Engineer: 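Supplied in structure tokens, the structure appears directly below.
Quick caveat, the model's predicted, so the values are computed rather than measured. In listed order, ligands and their atoms are each counted from 1.
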Amino acid sequence: MPPPAVLFVCLGNICRSPLAEAALRHEAGAAGLDLLVDSAGTGDWHVGQPPDRRAQATARRHGIDISGYRARQAGPTDFARFTHILALDHDNLAHLARLAPAGREHVLSLLLDHVPGLEGQAVADPYFGDAEGFEQTWAQVTRAARELVRKLGRETD
Ligand code: 4NP
């Protein structure tokens, strides 16, 4: 079986989803789990740009270099490439649901639905906030990444 392929999707692909990508790459690596991981945005404003400087600084504080990441826009073809498409908030979930080809809706879910106790919640957008908001984002996506590694590790057993 090919390894699970996980796509994180937020609005701009410069704050939340690159941090989620970095966290899952890190947690999967630490657990020795073979995963394909990527991120994208529902919007196209930042396509081709590196992550927001505050997101880069947050990842760097946790020992991870995301300066080489580049934003891209999510599209319908992602539903064929990815086994799990995880939306960071409800607007992004609704947008993705409209892109999903018939029969592929099941790959889509809200990220925090995978975290016991945080079901139904959104990862708050730190873009208009301060550095503390990015640390909160990091804490949430790391918690989610650990749950995903547990779940996906069981699926691939
Ligand atoms: P992200 O944050 O969706 O977590 O990457 C945002 C980035 C850019 C904008 C909004 C949110 N923006 O309005 O440009």
Engineer: Does ligand 1 come near enough to I14 that some N or O of the ligand is less than 3.5 Å from an N or O of the residue?
Structural biologist: yes

Engineer: Would you mind checking if E21 and R25 are paired as a salt bridge, meaning a charged N to carboxylate O distance below 4.0 Å?
Structural biologist: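 Counted as a salt bridge, because a side-chain N and a carboxylate O are separated by less than 4.0 Å.
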
Engineer: Could you identify the single nearest non-hydrogen protein atom to atom 11 (C) of ligand 1 and state the distance to 0.1 Å?
Structural biologist: D125 OD2, 3.0 Å

Engineer: Can you report which non-hydrogen protein atom sits closest to atom 14 (O) of ligand 1, along with the distance?
Structural biologist: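 Going atom by atom, the protein heavy atom closest to atom 14 (O) of ligand 1 ends up being H46 NE2, 2.9 Å.
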
Engineer: For E135, does its backbone N or O pair with a side-chain atom of T58 as donor and acceptor, under 3.5 Å?
Structural biologist: no

Engineer: Quick one: which ligand 1 atoms are inside 4.0 Å of a heavy atom on C15?
Structural biologist: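 With C15 as reference, the close atoms of ligand 1 come out as 1 (P), 2 (O), 4 (O), 5 (O).
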
Engineer: Tell me the protein heavy atom at minimum distance from atom 1 (P) of ligand 1, and give that distance in Å.
Structural biologist: C10 SG, 3.4 Å

Engineer: Of all heavy-atom pairs between A124 and Q140, which one has the smallest distance, and what is that distance?
Structural biologist: N-OE1, 4.0 Å

Engineer: Verify the neighbour count for atom CZ of R72: are there more than 12 heavy atoms of other residues, nucleotides or ligands below 6.0 Å?
Structural biologist: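 Count over threshold, so yes.
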
Engineer: Taking distance alone, with no angle check, do P126 and ligand 1 share an N/O pair under 3.5 Å?
Structural biologist: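 By distance alone, the answer is no.
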
Engineer: Is there a donor-acceptor contact under 3.5 Å from the side chain of H46 to the main chain of Q73?
Structural biologist: no

Engineer: Any cation-pi pair here, R54 with Y127, using under 6.0 Å and within 45°?
Structural biologist: yes

Engineer: Please report which non-hydrogen protein atom sits nearest to atom 12 (N) of ligand 1, along with the residue it belongs to and the distance in Å to one decimal place.
Structural biologist: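 Protein heavy atom with the smallest distance to atom 12 (N) of ligand 1: Y127 CE2, 3.6 Å.
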
Engineer: Test your reading of the structure: does W45 have an N or O sitting under 3.5 Å from an N or O of ligand 1?
Structural biologist: no

